[in-house]
Number of protein chains: 2
Amino acid sequence: MANDNLGPYFALIYEVGIINQIGTAFLEARLPGDLLVSHFGVVSHLIRVCDGATPMELARAFQVAKTTMTHTLAGLEKHGFVEMRPNPGDKRSKQVWLTPAGQQFRDDALTQLAPLFEALGERFSSERVAAMLPDLAEFRSVIDRLRDEMK
Amino acid sequence: MANDNLGPYFALIYEVGIINQIGTAFLEARLPGDLLVSHFGVVSHLIRVCDGATPMELARAFQVAKTTMTHTLAGLEKHGFVEMRPNPGDKRSKQVWLTPAGQQFRDDALTQLAPLFEALGERFSSERVAAMLPDLAEFRSVIDRLRDEMK
DNA sequence: TGTTATTGGTGCGATGTCGTACTATACAGT
DNA sequence: ACTGTATAGTACGACATCGCACCAATAACA
């Protein structure tokens, strides 16, 4: 592959980086003071994917170091949004369970975010976004596997 | 807009976050020890877009805080990859100019990265990536403007 | 069963990023 | 010209993330 074809890959990395920056800043500006997108992400994952996940499962889901997830979970626990219980199937491990306060936090955040997505939807429809997702997800899956193989 | 349509937006943020994580880790693993993707990005920008850019232009291009760009540029300067000169048109400002060593750094990095993109290209063609770019760029542009308006 | 390698989680130090405050310069309105 | 406001860059402190080292528990295997 000649260097002339590298352009698109770098352009993708660039766009993804910028969107991530703006998106994170956008969301965090509408989240209660000391809560970050990472906190919101974990709570959402517990609701949408599976409650009672282990810290390692969460770290893998968000592709962050396990120490980072420990830190994020400690913050959520301090706010009383999650509860750490021992994992009945593995004494090394734990399970992360959402509390009612955690549910409430997510509901409130969604309410705060609603007007933002309202405005966004008028300029870039959710259908268009949905149409972009399969390719993005496949690309993510490809580099994810590539990463494991080159480990 | 009902909440059922929020899904795609969150999914996009999620995918973008993961791709950013994996992509950054991937690139950084192949960059000389203490150089980061942010350094590579700045040098690339100076080559591809415009040499002699001001720190603020760079900060805006990558959507990072200006203090972050100061830090990144200090690193590049310490390595002798860029040179800071006074901006002839504005005494508050500076200009960032690439040195031959900076050029060399970028060439070397691209060489290191080549096999990676080789492997990637076999599984996800640069044409497919190129096809994704217009929508991503437009989405980026939309949220960028939205951000300014809500400032 | 005993030994070794692997995995889940945490403590710790290093560092990248950010927000705030500050200085110097530029610009706008009078 | 003068005065208030905005902008470019930096210093500093706060903190999120990471890699490394470590321990406990599990898995692999002889």
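The structure displayed is predicted, hence computed values, not measured ones. Here is the naming used below: chain letters follow the sequence lines, and residue numbers restart at 1 for every chain.
- If you check residues 15-39 of chain A against DNA chain C, the residues with a heavy atom closer than 4.0 Å are A:Q21, listed by number.
- Annotation: A:H45 is in aromatic contact with A:F62 [ring centroid separation under 6.0 Å].
- Environment of CZ in B:R48: sparse, with no more than 12 heavy atoms of neighbouring residues, nucleotides or ligands closer than 6.0 Å.
- With rounding to whole Å, A:M84 atom CE is found 14 Å from C:dG8 atom P.
- Nearest heavy-atom pair across A:F40 and A:F105 is CA-CE2, 4.1 Å.
- Rounded to the nearest 0.5 angstrom, A:N87 CG and A:M56 CE are separated by 13.0 Å.
- Between the side chains of B:H39 and B:D34, no donor-acceptor pair is found at a separation under 3.5 Å.
- Recorded end-axis angle for the helix from C:dT1-D:dA30 to C:dT30-D:dA1 stands at 40°, based on five pairs per end and rounded to 10 degrees.
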Return all side-chain donor-acceptor pairs below 3.5 angstrom for residues 24-32 of chain A, not counting sequence neighbours, or 'none' if the list is empty.
from, atom 1, to, atom 2, distance (Å)
A:T24, OG1, A:N20, O, 2.7
A:E28, OE2, A:V37, N, 3.0
A:R30, NE, A:F26, O, 3.2

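- From A:D107, atom CG reaches atom CD of A:Q112 across 12.0 Å, with rounding to the nearest 0.5 Å.
- To the nearest 0.5 angstrom, B:L58 atom CG is 7.5 Å from B:C50 atom SG.
- Within the structure, every side-chain polar atom (N or O) of A:H71 is placed at least 4.0 Å from both OP1 and OP2 of D:dT17.
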Query raised in the report: What do the steps show when you test A:Q21 against B:R140 for side-chain contact (heavy atoms from CB on, under 4.5 Å), and what is the final call?
Result: CA-CA 10 Å; A:Q21 292 274 355; B:R140 189 245 309 151; over 6 Å; no

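- The minimum heavy-atom distance linking B:G102 with B:V43 is given by the pair O-CG1, 3.7 Å.
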Check nucleotides 20-22 of chain C against the protein and report each pair of N or O atoms closer than 3.5 Å, with its distance, or say if there are none.
none

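- For the atom pair B:D90 CG and B:Q95 CD, the distance stands at 10.0 Å (nearest 0.5 Å).
- For D:dT10, one of the phosphate oxygens OP1 or OP2 lies less than 4.0 angstrom from a side-chain nitrogen or oxygen of B:T70.
- Remark: P of C:dG8 and CG of A:L73 are 15 Å apart, rounded to the nearest angstrom.
- With rounding to the nearest 0.5 angstrom, the CG atom of B:L98 is 5.0 Å from the CD atom of B:Q103.
- Rounded to whole Å, atom P of D:dA24 lies 19 Å from atom CG of A:N87.
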Pairs under 3.5 angstrom, nitrogen or oxygen only, protein versus nucleotides 24-28 of chain C, please.
from, atom 1, to, atom 2, distance (Å)
C:dT25, O2, B:R92, NH1, 3.4
C:dA26, OP1, B:K91, N, 3.0

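- Residue B:V16 forms a side-chain contact (heavy atoms from CB on, under 4.5 Å) with just one option from B:I19, B:I13, B:I18, B:L12, and that option is B:L12.
- Between B:F10 and A:F117, the ring center distance clears the sub-6.0 Å criterion.
- Within residues 50-65 of chain B, the residues having any heavy atom under 4.0 Å from DNA chain C are, by residue number, B:V64, B:A65.
- Once rounded to the nearest 0.5 Å, the distance linking CZ of A:R128 with OG of A:S126 reads 11.5 Å.
- The residue from A:I143, A:V142, A:D135 that alone fulfils the side-chain contact (heavy atoms from CB on, under 4.5 Å) condition with A:F139 is A:I143.
- Looking at heavy-atom distances under 4.0 Å, A:S93 makes contact with sugar-phosphate atoms alone, never a base.
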